[in-house]
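Just so it is clear, the values below take in all heavy atoms, side chains as well, and ignore hydrogens, waters and symmetry mates. Chain letters run A, B, ... following the sequence lines, proteins first, then strands; residues in each count from 1.
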There are 2 protein chains.
Amino acid sequence: MGQWGYMFRISKLADYAVVVLAEMAGRAEALMSAAVIAERTGVSEPTVAKVLKLLSREGVVQSVRGAGGGYRLSCPADEIAVVDIIEAIEGPIALTACVDGAEPDCALGGCCGVRGRWDTVNAALRSALGGIMLADMMRPAVKGCGSAALTFETEGKGAGYGRN
Amino acid sequence: MGQWGYMFRISKLADYAVVVLAEMAGRAEALMSAAVIAERTGVSEPTVAKVLKLLSREGVVQSVRGAGGGYRLSCPADEIAVVDIIEAIEGPIALTACVDGAEPDCALGGCCGVRGRWDTVNAALRSALGGIMLADMMRPAVKGCGSAALTFETEGKGAGYGRN
DNA sequence: CCATCTAGGACAAAATTAGTGCTAAATTAC
DNA sequence: GTAATTTAGCACTAATTTTGTCCTAGATGG
């Protein structure tokens with residue numbers, strides 16, 4: 001019922017995360033800085049940086065600090081489940097807050113007719129999404145797109161942050 | 001990354017919808033007014049009314065106007081998929097706005113490396129959730145509130161409905 | 001006609017998300 | 001060792017979404 005009317009919307013950040021990782025997967029071994037990835041994907045640099053920080057903290061990517069540093073995937077694209085990416089950004093999957101253990105002060109209290117029943121749904125979700133890998137999200141290499149010469153510009157961010 | 005840190009959160013309204021419908025399923029044939037359902041579920045009346053209006057518009061429940069009117073389920077609880085309920089409240093399932101055909105003005109444009117790839121994910125989602133029915137969300141008739149001794153529940157926690 | 005009861009839209013407040021900026025820490029290059 | 005590069009981690013503001021409520025209109029039954 002939001003602007004798009006879609007349920008199960010994932011956050012834009014998670015969406016960007018998949019785009020960013022798909023880009024990185026193209027050069028799986030190489031280190032890429034946030035700035036370069038931003039340029040290659042078209043996502044604004046601050047946003048790319050934010051996404052990568054989260055992904056790094058959750059172990060989806062590895063980071064190397066310092067000059068010449070950057071990020072690389074922790075494992076091959078066909079071993080990273082999309083659901084893991086989303087969880088890295090948004091936290092554990094659950095259809096409601098009403099899951100085992102959490103949230104002590106439900107106003108409906110012990111009378112809630114569906115308490116604990118969402119677990120089944122959540123399990124089904126995880127199961128269904130667990131099999132879809134990052135590699136499945138990549139298109140078969142489109143030329144002309146996104147692959148504008150990999151230049152390490154020292155020009156800086158003076159060019160301004162394009163909005164996403 | 002919200003307060004609960006859960007991804008795939010459904011809205012509270014959709015959550016209420018399941019609670020409301022589970023209540024109605026107990027007396028499948030009978031007409032129940034929004035006021036009565038509100039009283040029996042503990043969800044505030046304006047909210048119950050709102051939920052029922054949406055469910056009615058989408059055909060999940062049937063409505064009867066006028067004195068003595070109310071709502072009843074359109075079909076048995078084991079024929080109503082939970083995902084249908086959620087869709088009735090929140091609109092069609094889709095993990096991103098970036099689905100087939102839709103959304104002409106994605107800033108990443110034609111260069112987006114994952115464009116169209118979400119369809120697979122969404123299909124998997126629908127498939128997994130389509131098999132879970134409202135009937136599966138109901139507890140096997142619990143008399144008296146708070147007894148709660150039920151299969152999966154490891155403890156008396158687990159809630160998630162904000163107060164009204 | 002009058003008391004009920006749903007339909008539908010409008011709306012303000014609250015909660016969440018998005019996006020940006022700043023400072024610190026690590027690493028490389030000179 | 002100093003400077004430049006690049007990630008880490010907050011803190012914060014603005015924009016968007018969700019909630020919850022209200023108000024008016026249309027049906028229905030007695």
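- No more than 12 heavy atoms of other residues, nucleotides or ligands shown are found within 6.0 angstrom of CD on Glu39(B).
- Nearest-nucleotide assignment on DNA chain D puts the 5′-proximal partner with Ala67(A), out of Ala67(A) and Leu52(A).
- Regarding Asp15(A), its CG atom lies at a distance of 15 Å from the P atom of dT17(C), rounded to whole Å.
- One finds no side-chain N or O of Ser11(A) lying less than 4.0 angstrom from the OP1 or OP2 phosphate oxygen of dT16(C).
- Along DNA chain D, the nucleotide closest to Val64(A) and the one closest to Lys53(B) are compared, and the more 5′ of them pairs with Val64(A).
- Picking from dG8(C), dG19(C), dC5(C) the nucleotide with the shortest atom distance to the side chain of Arg57(B) gives dG8(C).
- Residues Leu129(A) and Leu125(B) have side chains in contact (heavy-atom distance under 4.5 Å, counting atoms from C-beta outward).
- Proximity of Tyr16(B) to the phosphate of dG20(D): a side-chain N or O atom is located under 4.0 Å from OP1 or OP2.
- Residue Ala34(A) is in sugar-phosphate contact alone, with no base atom involved, counting any heavy-atom pair closer than 4.0 Å across all strands shown.
- Thr41(A) pairs with exactly one of Leu21(A), Thr47(A), Val19(A) by the side-chain contact (heavy atoms from CB on, under 4.5 Å) rule, that one being Val19(A).
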Side-chain donor-acceptor pairs of residues 22-34 of chain B under 3.5 Å, sequence neighbours excluded:
{"residue": "Glu23(B)", "atom": "OE2", "partner": "Arg40(B)", "partner atom": "NE", "Å": "2.6"}
{"residue": "Glu23(B)", "atom": "OE2", "partner": "Arg40(B)", "partner atom": "NH2", "Å": "2.8"}
{"residue": "Ser33(B)", "atom": "OG", "partner": "Val36(B)", "partner atom": "N", "Å": "3.2"}

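- OP1 or OP2 of dG19(C) has not a single side-chain nitrogen or oxygen of Ser44(A) nearer than 4.0 Å.
- With hydrogens and angles ignored, a donor-acceptor pair under 3.5 angstrom links the side chain of Lys50(A) to the base of dG19(C).
- Remark: Tyr71(A) is in phosphate contact with dA8(D), judged by side-chain N or O atoms under 4.0 Å from OP1 or OP2.
- Closest approach of Leu134(A) and Leu73(A) over heavy atoms only: CD2-CD1, 4.4 Å.
- The side chain of Lys12(A) approaches dA18(C) more closely than any other nucleotide in the set dT19(D), dA18(C), dT6(C).
- At least one side-chain nitrogen or oxygen of Ser56(A) sits closer than 4.0 Å to the OP1 or OP2 atom of dA8(D).
- Proximity of Ser63(A) to the phosphate of dT6(D): no side-chain N or O atom is located under 4.0 Å from OP1 or OP2.
- The CZ atom of Arg65(A) sits 10 Å away from the P atom of dT7(D) (whole-angstrom rounding).
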